[in-house]
Student: 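After the C-alpha coordinates below, expect a handful of questions from me.
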There are 2 protein chains.
Amino acid sequence: MPASSIRARVRAEMIDEIKAVARRHLATDGANLSLRAVARDMGMVSSAIYRYFPSRDELLTALILEAYEALGDAVEAADATTDRHDLRGRWHAACRAARDWALAHPAEYALLYGSPVPGYAAPDDTVLPAQRPPLTMVGILRDGLADGRLAAPADDLPEPVRADLAEIAAGFFPGLPEPLLARGMAGWTQLFGLISFELFGRVNRMIPHRDAYFDHQTGLMADLIGLPR
Amino acid sequence: MPASSIRARVRAEMIDEIKAVARRHLATDGANLSLRAVARDMGMVSSAIYRYFPSRDELLTALILEAYEALGDAVEAADATTDRHDLRGRWHAACRAARDWALAHPAEYALLYGSPVPGYAAPDDTVLPAQRPPLTMVGILRDGLADGRLAAPADDLPEPVRADLAEIAAGFFPGLPEPLLARGMAGWTQLFGLISFELFGRVNRMIPHRDAYFDHQTGLMADLIGLPR
DNA sequence: TACGAACCGAGAGCACTGCTCTCGTTTGCC
DNA sequence: GGCAAACGAGAGCAGTGCTCTCGGTTCGTA
(Lines give C-alpha, C1' and ligand atoms only; values in the text may rest on other atoms or scores of the structure.)
Protein backbone atom coordinates (compact mmCIF):
# COMPACT_ATOMS: atom_id res chain seq x y z
CA MET A 1 0.00 0.00 0.00
CA PRO A 2 1.53 3.29 -1.12
CA ALA A 3 2.13 5.28 2.02
CA SER A 4 1.75 8.76 0.56
CA SER A 5 0.72 7.77 -2.84
CA ILE A 6 -0.60 10.12 -5.44
CA ARG A 7 1.35 13.14 -4.45
CA ALA A 8 4.52 11.13 -3.95
CA ARG A 9 4.12 9.47 -7.31
CA VAL A 10 3.63 12.64 -9.29
CA ARG A 11 6.51 14.12 -7.38
CA ALA A 12 8.75 11.26 -8.44
CA GLU A 13 7.53 11.65 -11.99
CA MET A 14 8.28 15.35 -11.90
CA ILE A 15 11.77 14.69 -10.65
CA ASP A 16 12.31 12.19 -13.45
CA GLU A 17 10.97 14.57 -16.05
CA ILE A 18 13.16 17.40 -14.81
CA LYS A 19 16.17 15.14 -15.03
CA ALA A 20 15.19 14.01 -18.50
CA VAL A 21 14.75 17.54 -19.76
CA ALA A 22 17.98 18.59 -18.10
CA ARG A 23 19.79 15.70 -19.74
CA ARG A 24 18.42 16.79 -23.08
CA HIS A 25 19.62 20.32 -22.51
CA LEU A 26 22.99 18.99 -21.48
CA ALA A 27 23.27 17.08 -24.71
CA THR A 28 22.37 20.00 -26.93
CA ASP A 29 23.60 23.10 -25.13
CA GLY A 30 26.65 21.66 -23.46
CA ALA A 31 27.79 21.66 -19.91
CA ASN A 32 26.40 24.94 -18.61
CA LEU A 33 22.95 23.79 -17.70
CA SER A 34 20.35 26.52 -17.26
CA LEU A 35 17.72 25.86 -14.65
CA ARG A 36 15.49 28.52 -16.13
CA ALA A 37 15.70 26.96 -19.56
CA VAL A 38 14.75 23.58 -18.13
CA ALA A 39 11.83 25.18 -16.33
CA ARG A 40 10.71 26.92 -19.52
CA ASP A 41 10.82 23.65 -21.40
CA MET A 42 8.51 22.18 -18.81
CA GLY A 43 6.10 25.09 -18.91
CA MET A 44 7.03 26.04 -15.41
CA VAL A 45 8.47 29.04 -13.72
CA SER A 46 12.05 28.71 -12.57
CA SER A 47 11.25 28.92 -8.89
CA ALA A 48 9.05 25.86 -9.18
CA ILE A 49 12.09 23.72 -9.92
CA TYR A 50 13.31 24.49 -6.44
CA ARG A 51 10.46 22.44 -5.05
CA TYR A 52 12.25 19.39 -6.41
CA PHE A 53 15.93 20.29 -6.35
CA PRO A 54 17.35 22.60 -3.72
CA SER A 55 19.87 24.00 -6.17
CA ARG A 56 21.28 23.67 -9.63
CA ASP A 57 24.22 21.76 -8.22
CA GLU A 58 21.92 19.16 -6.72
CA LEU A 59 20.33 18.63 -10.09
CA LEU A 60 23.76 18.23 -11.60
CA THR A 61 24.68 15.77 -8.89
CA ALA A 62 21.64 13.68 -9.67
CA LEU A 63 22.58 13.65 -13.35
CA ILE A 64 26.16 12.77 -12.50
CA LEU A 65 25.07 9.88 -10.35
CA GLU A 66 22.86 8.47 -13.08
CA ALA A 67 25.62 8.95 -15.62
CA TYR A 68 28.08 7.05 -13.46
CA GLU A 69 25.60 4.23 -13.14
CA ALA A 70 24.94 4.19 -16.87
CA LEU A 71 28.64 4.07 -17.66
CA GLY A 72 29.20 1.40 -15.04
CA ASP A 73 26.33 -0.65 -16.43
CA ALA A 74 27.72 -0.39 -19.95
CA VAL A 75 31.21 -1.46 -18.98
CA GLU A 76 30.09 -4.29 -16.73
CA ALA A 77 27.62 -5.56 -19.29
CA ALA A 78 30.27 -5.60 -22.00
CA ASP A 79 32.61 -7.52 -19.75
CA ALA A 80 29.94 -9.91 -18.55
CA THR A 81 28.86 -10.90 -22.06
CA THR A 82 32.34 -11.88 -23.13
CA ASP A 83 33.86 -15.33 -22.67
CA ARG A 84 35.15 -15.42 -19.09
CA HIS A 85 38.43 -16.94 -20.12
CA ASP A 86 39.13 -14.56 -23.00
CA LEU A 87 40.94 -12.00 -20.89
CA ARG A 88 42.04 -9.88 -23.76
CA GLY A 89 38.59 -9.94 -25.29
CA ARG A 90 37.09 -8.84 -22.00
CA TRP A 91 39.64 -6.04 -21.69
CA HIS A 92 38.87 -4.75 -25.17
CA ALA A 93 35.15 -5.11 -24.62
CA ALA A 94 35.27 -3.08 -21.43
CA CYS A 95 37.40 -0.39 -23.01
CA ARG A 96 35.21 -0.15 -26.07
CA ALA A 97 32.08 0.00 -23.95
CA ALA A 98 33.45 2.94 -22.01
CA ARG A 99 34.43 4.72 -25.20
CA ASP A 100 31.13 4.00 -26.91
CA TRP A 101 29.19 5.32 -23.96
CA ALA A 102 31.34 8.44 -23.87
CA LEU A 103 30.91 9.09 -27.58
CA ALA A 104 27.17 8.62 -27.23
CA HIS A 105 26.93 10.89 -24.19
CA PRO A 106 29.73 13.41 -24.57
CA ALA A 107 28.24 16.07 -22.32
CA GLU A 108 27.59 13.61 -19.53
CA TYR A 109 31.08 12.20 -19.91
CA ALA A 110 32.45 15.73 -19.62
CA LEU A 111 30.38 16.13 -16.49
CA LEU A 112 31.96 13.04 -15.00
CA TYR A 113 35.53 13.38 -16.14
CA GLY A 114 36.00 16.96 -17.29
CA SER A 115 37.30 19.82 -15.27
CA PRO A 116 35.45 20.03 -11.96
CA VAL A 117 33.10 22.95 -11.52
CA PRO A 118 34.77 25.46 -9.18
CA GLY A 119 32.35 25.58 -6.30
CA TYR A 120 31.17 22.05 -6.82
CA ALA A 121 32.41 19.17 -4.68
CA ALA A 122 31.42 15.67 -5.65
CA PRO A 123 29.37 14.15 -2.84
CA ASP A 124 30.33 10.80 -1.43
CA ASP A 125 27.45 9.09 -3.22
CA THR A 126 29.42 9.36 -6.41
CA VAL A 127 32.52 7.61 -5.12
CA LEU A 128 31.33 4.05 -5.45
CA PRO A 129 29.60 4.34 -8.83
CA ALA A 130 32.69 6.09 -10.13
CA GLN A 131 34.80 3.09 -9.24
CA ARG A 132 32.79 0.58 -11.20
CA PRO A 133 34.65 0.83 -14.52
CA PRO A 134 38.15 0.53 -13.06
CA LEU A 135 36.96 -2.24 -10.76
CA THR A 136 35.59 -4.11 -13.73
CA MET A 137 38.87 -3.81 -15.54
CA VAL A 138 40.97 -4.90 -12.60
CA GLY A 139 38.49 -7.71 -12.06
CA ILE A 140 39.56 -9.10 -15.41
CA LEU A 141 43.10 -9.27 -14.11
CA ARG A 142 42.00 -10.98 -10.92
CA ASP A 143 40.14 -13.61 -12.91
CA GLY A 144 43.13 -14.15 -15.14
CA LEU A 145 45.37 -14.61 -12.17
CA ALA A 146 42.92 -17.01 -10.58
CA ASP A 147 42.79 -19.42 -13.49
CA GLY A 148 46.44 -19.13 -14.35
CA ARG A 149 46.09 -17.35 -17.66
CA LEU A 150 47.82 -14.27 -16.30
CA ALA A 151 51.02 -14.00 -14.29
CA ALA A 152 51.77 -11.21 -11.85
CA PRO A 153 54.63 -9.03 -13.08
CA ALA A 154 57.77 -8.95 -10.99
CA ASP A 155 58.03 -5.18 -10.69
CA ASP A 156 59.54 -4.07 -7.43
CA LEU A 157 57.55 -1.11 -6.24
CA PRO A 158 58.77 1.63 -3.92
CA GLU A 159 57.49 0.78 -0.48
CA PRO A 160 55.00 3.66 -0.12
CA VAL A 161 53.49 2.85 -3.48
CA ARG A 162 53.29 -0.82 -2.60
CA ALA A 163 51.59 0.03 0.68
CA ASP A 164 49.04 2.32 -0.97
CA LEU A 165 48.23 -0.28 -3.57
CA ALA A 166 48.03 -3.00 -0.93
CA GLU A 167 45.42 -0.92 0.86
CA ILE A 168 43.37 -0.64 -2.31
CA ALA A 169 43.77 -4.34 -3.07
CA ALA A 170 42.71 -5.25 0.46
CA GLY A 171 39.49 -3.31 0.00
CA PHE A 172 38.49 -4.59 -3.41
CA PHE A 173 40.65 -7.48 -4.56
CA PRO A 174 42.15 -9.26 -1.57
CA GLY A 175 45.32 -11.02 -2.52
CA LEU A 176 45.85 -9.24 -5.81
CA PRO A 177 49.57 -8.59 -6.25
CA GLU A 178 50.38 -4.90 -6.10
CA PRO A 179 52.45 -4.84 -9.30
CA LEU A 180 49.52 -6.23 -11.26
CA LEU A 181 47.17 -3.71 -9.71
CA ALA A 182 49.57 -0.95 -10.62
CA ARG A 183 49.59 -2.02 -14.25
CA GLY A 184 45.84 -2.34 -14.30
CA MET A 185 45.49 1.19 -13.01
CA ALA A 186 47.88 2.37 -15.68
CA GLY A 187 45.55 0.81 -18.20
CA TRP A 188 42.53 2.52 -16.73
CA THR A 189 44.36 5.83 -16.61
CA GLN A 190 45.36 5.55 -20.23
CA LEU A 191 41.85 4.57 -21.24
CA PHE A 192 40.51 7.71 -19.64
CA GLY A 193 43.18 9.75 -21.41
CA LEU A 194 42.35 8.15 -24.75
CA ILE A 195 38.66 8.87 -24.46
CA SER A 196 39.20 12.40 -23.23
CA PHE A 197 41.63 13.23 -26.01
CA GLU A 198 39.21 11.94 -28.59
CA LEU A 199 36.15 13.56 -27.08
CA PHE A 200 37.69 16.90 -26.31
CA GLY A 201 39.07 16.98 -29.81
CA ARG A 202 42.80 17.04 -29.43
CA VAL A 203 43.95 14.28 -31.73
CA ASN A 204 41.06 14.08 -34.12
CA ARG A 205 42.62 15.97 -36.95
CA MET A 206 45.73 13.82 -36.76
CA ILE A 207 44.15 10.39 -36.52
CA PRO A 208 41.27 9.72 -38.90
CA HIS A 209 40.95 6.02 -38.08
CA ARG A 210 39.94 6.44 -34.50
CA ASP A 211 38.35 3.06 -33.89
CA ALA A 212 41.42 1.14 -34.98
CA TYR A 213 43.71 3.54 -33.17
CA PHE A 214 41.71 3.13 -29.99
CA ASP A 215 41.87 -0.64 -30.16
CA HIS A 216 45.57 -0.60 -30.80
CA GLN A 217 46.25 1.77 -27.91
CA THR A 218 44.19 -0.24 -25.46
CA GLY A 219 45.88 -3.33 -26.82
CA LEU A 220 49.24 -1.83 -25.89
CA MET A 221 48.06 -1.57 -22.31
CA ALA A 222 46.84 -5.14 -22.47
CA ASP A 223 50.38 -6.06 -23.52
CA LEU A 224 51.82 -4.10 -20.63
CA ILE A 225 49.54 -5.96 -18.26
CA GLY A 226 50.42 -9.25 -19.83
CA LEU A 227 47.02 -10.33 -21.12
CA PRO A 228 47.62 -13.26 -23.47
CA ARG A 229 46.75 -12.83 -27.13
CA MET B 1 61.71 54.55 -34.09
CA PRO B 2 58.48 53.65 -32.34
CA ALA B 3 55.86 53.74 -35.05
CA SER B 4 52.85 54.46 -32.80
CA SER B 5 54.61 54.60 -29.58
CA ILE B 6 53.16 55.89 -26.36
CA ARG B 7 49.61 54.87 -26.93
CA ALA B 8 50.63 51.49 -28.30
CA ARG B 9 52.87 50.85 -25.35
CA VAL B 10 50.22 51.80 -22.84
CA ARG B 11 47.79 49.59 -24.69
CA ALA B 12 50.15 46.66 -24.58
CA GLU B 13 50.65 47.21 -20.87
CA MET B 14 46.90 47.31 -20.34
CA ILE B 15 46.49 44.05 -22.20
CA ASP B 16 49.18 42.47 -20.09
CA GLU B 17 47.65 43.73 -16.88
CA ILE B 18 44.21 42.49 -17.85
CA LYS B 19 45.68 39.07 -18.56
CA ALA B 20 47.55 39.09 -15.28
CA VAL B 21 44.48 40.02 -13.28
CA ALA B 22 42.43 37.46 -15.18
CA ARG B 23 45.01 34.79 -14.47
CA ARG B 24 44.84 35.68 -10.78
CA HIS B 25 41.08 35.40 -10.83
CA LEU B 26 41.37 32.10 -12.62
CA ALA B 27 43.62 30.78 -9.90
CA THR B 28 41.37 31.83 -7.03
CA ASP B 29 37.84 31.65 -8.37
CA GLY B 30 38.24 28.73 -10.72
CA ALA B 31 37.37 28.36 -14.34
CA ASN B 32 34.37 30.64 -14.73
CA LEU B 33 36.17 33.88 -15.31
CA SER B 34 34.13 37.02 -14.79
CA LEU B 35 34.99 39.93 -17.04
CA ARG B 36 33.24 42.32 -14.72
CA ALA B 37 35.23 41.11 -11.74
CA VAL B 38 38.45 41.59 -13.67
CA ALA B 39 37.35 45.09 -14.62
CA ARG B 40 36.47 45.88 -11.02
CA ASP B 41 39.87 44.71 -9.87
CA MET B 42 41.43 47.13 -12.30
CA GLY B 43 39.26 50.04 -11.24
CA MET B 44 37.53 50.05 -14.57
CA VAL B 45 34.06 49.61 -15.82
CA SER B 46 33.31 46.35 -17.57
CA SER B 47 32.73 47.90 -20.95
CA ALA B 48 36.23 49.31 -20.94
CA ILE B 49 37.65 45.80 -21.14
CA TYR B 50 36.06 45.47 -24.52
CA ARG B 51 38.50 48.09 -25.85
CA TYR B 52 41.19 45.44 -25.43
CA PHE B 53 39.44 42.13 -25.89
CA PRO B 54 36.46 41.76 -28.20
CA SER B 55 34.91 39.16 -25.94
CA ARG B 56 35.44 37.05 -22.88
CA ASP B 57 36.32 34.11 -25.09
CA GLU B 58 39.14 36.08 -26.70
CA LEU B 59 40.55 36.80 -23.29
CA LEU B 60 40.35 33.13 -22.44
CA THR B 61 42.04 32.25 -25.70
CA ALA B 62 44.91 34.59 -24.88
CA LEU B 63 45.27 32.96 -21.47
CA ILE B 64 45.11 29.50 -23.02
CA LEU B 65 47.82 30.36 -25.51
CA GLU B 66 50.12 31.63 -22.79
CA ALA B 67 49.39 28.60 -20.66
CA TYR B 68 50.27 26.25 -23.50
CA GLU B 69 53.53 28.09 -23.98
CA ALA B 70 54.31 27.98 -20.28
CA LEU B 71 53.65 24.27 -20.11
CA GLY B 72 55.67 23.68 -23.26
CA ASP B 73 58.52 25.72 -21.85
CA ALA B 74 58.49 23.77 -18.60
CA VAL B 75 58.52 20.37 -20.28
CA GLU B 76 61.15 21.30 -22.85
CA ALA B 77 63.36 22.88 -20.25
CA ALA B 78 63.18 19.83 -18.02
CA ASP B 79 64.11 17.61 -20.92
CA ALA B 80 66.86 19.90 -22.14
CA THR B 81 68.61 20.06 -18.79
CA THR B 82 68.88 16.29 -18.48
CA ASP B 83 71.75 14.22 -19.82
CA ARG B 84 70.97 13.64 -23.49
CA HIS B 85 71.79 9.98 -23.28
CA ASP B 86 69.78 9.26 -20.14
CA LEU B 87 66.58 8.47 -21.97
CA ARG B 88 64.72 7.28 -18.94
CA GLY B 89 65.85 10.31 -16.94
CA ARG B 90 64.63 12.61 -19.68
CA TRP B 91 61.30 10.80 -19.82
CA HIS B 92 60.78 11.14 -16.11
CA ALA B 93 61.94 14.74 -16.13
CA ALA B 94 59.48 15.67 -18.86
CA CYS B 95 56.62 13.88 -17.11
CA ARG B 96 57.39 15.46 -13.77
CA ALA B 97 57.69 18.89 -15.32
CA ALA B 98 54.24 18.58 -16.83
CA ARG B 99 52.80 17.39 -13.55
CA ASP B 100 54.54 20.08 -11.53
CA TRP B 101 53.30 22.77 -13.84
CA ALA B 102 49.78 21.39 -13.65
CA LEU B 103 49.82 21.22 -9.86
CA ALA B 104 51.13 24.78 -9.71
CA HIS B 105 48.55 26.07 -12.19
CA PRO B 106 45.50 23.85 -11.78
CA ALA B 107 42.97 26.28 -13.21
CA GLU B 108 45.08 26.92 -16.28
CA TYR B 109 45.62 23.19 -16.73
CA ALA B 110 41.87 22.70 -16.53
CA LEU B 111 41.52 25.38 -19.17
CA LEU B 112 43.85 23.49 -21.47
CA TYR B 113 42.83 19.91 -20.83
CA GLY B 114 39.48 20.01 -19.09
CA SER B 115 36.11 19.77 -20.71
CA PRO B 116 35.89 22.23 -23.56
CA VAL B 117 33.61 25.20 -23.06
CA PRO B 118 30.43 24.59 -25.08
CA GLY B 119 30.42 27.48 -27.50
CA TYR B 120 34.16 27.79 -27.52
CA ALA B 121 36.27 26.40 -30.34
CA ALA B 122 40.02 26.42 -29.90
CA PRO B 123 41.54 28.59 -32.60
CA ASP B 124 44.29 27.23 -34.80
CA ASP B 125 46.91 29.28 -32.96
CA THR B 126 46.68 26.82 -30.12
CA VAL B 127 47.40 23.73 -32.16
CA LEU B 128 51.16 24.05 -32.36
CA PRO B 129 51.80 25.11 -28.75
CA ALA B 130 49.59 22.27 -27.62
CA GLN B 131 51.80 19.79 -29.40
CA ARG B 132 55.00 20.81 -27.66
CA PRO B 133 54.80 18.43 -24.69
CA PRO B 134 54.04 15.29 -26.70
CA LEU B 135 56.63 16.28 -29.28
CA THR B 136 59.20 16.64 -26.56
CA MET B 137 58.40 13.21 -25.24
CA VAL B 138 58.50 11.53 -28.62
CA GLY B 139 61.70 13.44 -29.31
CA ILE B 140 63.28 11.46 -26.50
CA LEU B 141 62.40 8.27 -28.33
CA ARG B 142 63.80 9.58 -31.58
CA ASP B 143 67.08 10.43 -29.89
CA GLY B 144 67.25 7.02 -28.27
CA LEU B 145 66.67 5.34 -31.59
CA ALA B 146 69.33 7.52 -33.22
CA ASP B 147 72.10 6.56 -30.85
CA GLY B 148 71.11 2.95 -30.51
CA ARG B 149 69.96 3.03 -26.91
CA LEU B 150 66.41 2.27 -27.91
CA ALA B 151 65.06 -0.33 -30.28
CA ALA B 152 61.83 0.00 -32.21
CA PRO B 153 59.25 -2.53 -31.07
CA ALA B 154 58.09 -5.12 -33.55
CA ASP B 155 54.35 -4.51 -33.15
CA ASP B 156 52.43 -5.09 -36.32
CA LEU B 157 49.88 -2.33 -36.61
CA PRO B 158 46.62 -2.49 -38.51
CA GLU B 159 47.22 -0.76 -41.81
CA PRO B 160 45.01 2.29 -41.22
CA VAL B 161 46.67 2.93 -37.88
CA ARG B 162 50.10 2.54 -39.40
CA ALA B 163 49.18 4.98 -42.16
CA ASP B 164 47.86 7.58 -39.72
CA LEU B 165 50.95 7.31 -37.58
CA ALA B 166 53.19 7.44 -40.63
CA GLU B 167 51.57 10.71 -41.57
CA ILE B 168 52.28 12.12 -38.15
CA ALA B 169 55.82 10.81 -38.18
CA ALA B 170 56.41 12.32 -41.60
CA GLY B 171 55.41 15.72 -40.28
CA PHE B 172 57.39 15.76 -37.09
CA PHE B 173 59.84 12.86 -36.87
CA PRO B 174 60.71 11.62 -40.35
CA GLY B 175 61.78 8.02 -40.24
CA LEU B 176 60.45 7.25 -36.79
CA PRO B 177 58.99 3.72 -36.79
CA GLU B 178 55.24 3.78 -36.35
CA PRO B 179 55.16 1.17 -33.56
CA LEU B 180 57.49 3.31 -31.48
CA LEU B 181 55.42 6.41 -32.15
CA ALA B 182 52.32 4.50 -31.08
CA ARG B 183 53.90 3.56 -27.79
CA GLY B 184 55.13 7.08 -27.23
CA MET B 185 51.63 8.40 -27.74
CA ALA B 186 50.33 5.84 -25.29
CA GLY B 187 52.78 7.27 -22.79
CA TRP B 188 51.65 10.82 -23.43
CA THR B 189 48.01 9.77 -23.17
CA GLN B 190 48.60 8.04 -19.88
CA LEU B 191 50.54 11.03 -18.55
CA PHE B 192 47.59 13.27 -19.30
CA GLY B 193 45.28 10.81 -17.58
CA LEU B 194 47.52 10.62 -14.54
CA ILE B 195 47.68 14.36 -14.11
CA SER B 196 43.98 14.83 -14.72
CA PHE B 197 43.02 12.14 -12.22
CA GLU B 198 45.24 13.69 -9.60
CA LEU B 199 44.20 17.26 -10.30
CA PHE B 200 40.50 16.62 -10.62
CA GLY B 201 40.62 14.60 -7.45
CA ARG B 202 39.65 11.09 -8.35
CA VAL B 203 42.37 9.00 -6.84
CA ASN B 204 43.61 11.29 -4.13
CA ARG B 205 41.86 9.64 -1.27
CA MET B 206 43.12 6.25 -2.34
CA ILE B 207 46.74 7.08 -2.98
CA PRO B 208 48.42 9.25 -0.37
CA HIS B 209 51.94 8.92 -1.81
CA ARG B 210 51.24 10.67 -5.04
CA ASP B 211 54.76 11.60 -6.06
CA ALA B 212 56.03 8.04 -5.84
CA TYR B 213 52.91 6.70 -7.48
CA PHE B 214 53.29 9.15 -10.33
CA ASP B 215 56.88 8.17 -10.92
CA HIS B 216 56.03 4.50 -10.87
CA GLN B 217 53.18 4.92 -13.31
CA THR B 218 55.22 6.95 -15.76
CA GLY B 219 57.99 4.39 -15.28
CA LEU B 220 55.60 1.67 -16.42
CA MET B 221 55.08 3.55 -19.65
CA ALA B 222 58.82 3.94 -19.99
CA ASP B 223 58.99 0.15 -19.70
CA LEU B 224 56.33 -0.26 -22.35
CA ILE B 225 58.29 2.00 -24.65
CA GLY B 226 61.49 0.16 -23.89
CA LEU B 227 63.54 2.94 -22.36
CA PRO B 228 66.57 1.29 -20.74
CA ARG B 229 66.94 1.50 -16.99
C1' DT C 1 -15.61 14.25 7.74
C1' DA C 2 -13.38 18.35 8.75
C1' DC C 3 -9.15 20.73 9.76
C1' DG C 4 -4.42 21.96 9.86
C1' DA C 5 -0.19 21.20 7.87
C1' DA C 6 2.52 20.18 4.15
C1' DC C 7 3.16 20.80 -0.64
C1' DC C 8 3.01 23.22 -4.92
C1' DG C 9 3.26 26.79 -8.80
C1' DA C 10 3.36 31.68 -9.98
C1' DG C 11 5.30 35.98 -9.61
C1' DA C 12 8.26 39.66 -8.10
C1' DG C 13 12.67 40.79 -6.96
C1' DC C 14 17.93 40.72 -5.93
C1' DA C 15 22.54 40.41 -7.40
C1' DC C 16 25.15 38.91 -10.90
C1' DT C 17 26.76 37.89 -15.83
C1' DG C 18 28.35 39.09 -21.06
C1' DC C 19 27.71 42.43 -24.21
C1' DT C 20 26.11 46.83 -26.85
C1' DC C 21 25.55 51.57 -27.50
C1' DT C 22 26.14 56.32 -26.67
C1' DC C 23 28.52 60.21 -24.94
C1' DG C 24 32.15 63.24 -23.73
C1' DT C 25 37.23 63.30 -23.30
C1' DT C 26 41.92 62.42 -24.35
C1' DT C 27 45.52 61.36 -27.47
C1' DG C 28 48.45 61.26 -31.32
C1' DC C 29 49.27 61.38 -36.39
C1' DC C 30 49.01 64.20 -40.81
C1' DG D 1 46.28 73.02 -35.37
C1' DG D 2 42.71 70.16 -36.68
C1' DC D 3 40.62 65.53 -37.10
C1' DA D 4 40.07 60.94 -36.49
C1' DA D 5 41.03 57.23 -33.72
C1' DA D 6 41.19 55.46 -29.18
C1' DC D 7 39.40 55.52 -24.64
C1' DG D 8 36.59 55.19 -20.14
C1' DA D 9 32.13 55.80 -18.04
C1' DG D 10 27.46 54.94 -17.81
C1' DA D 11 23.00 53.18 -19.02
C1' DG D 12 20.71 49.43 -20.62
C1' DC D 13 19.34 44.58 -22.47
C1' DA D 14 18.74 39.79 -21.90
C1' DG D 15 20.03 36.22 -19.36
C1' DT D 16 21.46 33.58 -14.93
C1' DG D 17 20.80 31.26 -9.86
C1' DC D 18 18.24 31.89 -6.03
C1' DT D 19 14.84 33.79 -2.32
C1' DC D 20 10.52 35.11 -0.65
C1' DT D 21 5.71 35.73 -0.59
C1' DC D 22 1.18 34.59 -1.86
C1' DG D 23 -2.74 31.88 -3.00
C1' DG D 24 -4.47 27.13 -4.07
C1' DT D 25 -4.32 22.10 -3.75
C1' DT D 26 -3.69 17.79 -1.39
C1' DC D 27 -3.12 14.70 2.28
C1' DG D 28 -2.79 12.59 7.02
C1' DT D 29 -5.13 12.62 11.01
C1' DA D 30 -8.11 13.63 14.67
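Just so you know, these numbers use all the heavy atoms, side chains as well, and skip hydrogens, waters and symmetry mates. Note on naming: letters A, B, ... go to the chains in the order of the sequence lines (proteins, then strands), and numbering restarts at 1 for each one.
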Student: Is the phosphate of dA6(D) approached by Tyr52(B) (side-chain N or O, under 4.0 Å from OP1 or OP2)?
Tutor: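 Indeed not, no polar side-chain atom of Tyr52(B) lies that close.
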Student: Do side-chain atoms of Trp101(A) reach the backbone of Tyr109(A) as a donor and acceptor pair under 3.5 angstrom?
Tutor: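 Side chain of Trp101(A) to backbone of Tyr109(A), a donor-acceptor pair under 3.5 Å: no, none is there.
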Student: Between Phe53(B) (CZ) and dT17(C) (P), how many Å, whole number?
Tutor: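 Between P of dT17(C) and CZ of Phe53(B): 18 Å.
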Student: dA9(D), dC19(C), dG11(C): which one has an atom nearest the side-chain heavy atoms of Arg51(B)?
Tutor: dA9(D)
Student: Rounded to whole Å, please give me the gap between CZ in Arg9(A) and C1' in dC7(C).
Tutor: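 My rounded result for the distance is 17 Å.
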Student: Between dC18(D) atom P and Met44(A) atom CE, what is the distance in whole Å?
Tutor: 15 Å
Student: Please determine if Arg99(B) forms a cation-pi arrangement with Phe214(B), meaning its NZ or CZ atom is less than 6.0 Å from the six-membered ring centre and no more than 45° off the ring axis.
Tutor: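 Checked: cation-pi criterion met.
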Student: Quick one: closest heavy-atom pair of Ala182(A) and Leu165(A), and the distance?
Tutor: CB-CD1, 3.6 Å
Student: Quick check on DNA chain D: between Ser46(B) and Arg11(B), whose nearest nucleotide comes earlier from the 5' end?
Tutor: Arg11(B)
Student: Does NZ or CZ of Arg142(B) come closer than 6.0 Å to the centre of the six-membered ring of Phe173(B), within 45° of the ring's axis?
Tutor: no
Student: Take the protein atom CD1 of Ile49(B) and the nucleotide atom P of dT17(C), then report the distance between them rounded to whole Å.
Tutor: 12 Å
Student: With respect to the side chain of Leu35(B), which nucleotide from dA9(D), dG18(C), dA10(C) is positioned closest?
Tutor: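 Nearest to the side chain of Leu35(B) among the choices is dG18(C).
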Student: When you get a sec, tell me which of dG8(D), dG17(D), dC19(C) is the closest nucleotide to the side chain of Tyr50(A)?
Tutor: dG17(D)
Student: Here's a test of your reading of the structure: between Ala37(A) and Pro54(A), which maps to the more 5' nucleotide of DNA chain D?
Tutor: Ala37(A)
Student: Can a donor-acceptor pair under 3.5 Å be found between the side-chain atoms of Arg36(A) and the base atoms of dG15(D)?
Tutor: no
Student: Would you mind telling me which of dG11(C), dT17(C), dC19(C) lies closest to the side-chain atoms of Val45(A)?
Tutor: dG11(C)
Student: As a test of reading the structure: which of dG10(D), dG8(D), dG17(D) is closest to the side chain of Arg56(A), going by heavy atoms?
Tutor: dG17(D)
Student: Starting at atom CG of Leu33(A), determine the distance to atom C1' of dG15(D), rounded to an integer number of angstrom.
Tutor: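 Going from CG in Leu33(A) over to C1' in dG15(D) covers 14 Å.
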Student: Whether the side chain of Ser47(B) and the base of dG10(D) hold a donor-acceptor pair under 3.5 Å is what I'd like checked.
Tutor: yes
Student: What's the CG-P distance between Leu60(B) and dG18(C), to the nearest Å?
Tutor: 10 Å
Student: Take the protein atom CD of Glu13(B) and the nucleotide atom C1' of dC7(D), then report the distance between them rounded to whole Å.
Tutor: 16 Å
Student: Over how many whole Å does the gap from Met14(A) atom CE to dT26(D) atom P extend?
Tutor: 14 Å
Student: Using salt bridge (charged side-chain N to carboxylate O under 4.0 Å, His left out), reason through Arg24(B) and Asp41(B) one step at a time and then give a plain yes or no.
Tutor: CA-CA 10 Å; Arg24(B) 225 178 47 219; Asp41(B) 256 31; 2.8 Å; yes
Student: Measure from the side-chain heavy atoms of Arg40(A) and tell me the nearest of dT16(D), dG9(C), dC7(D).
Tutor: dT16(D)
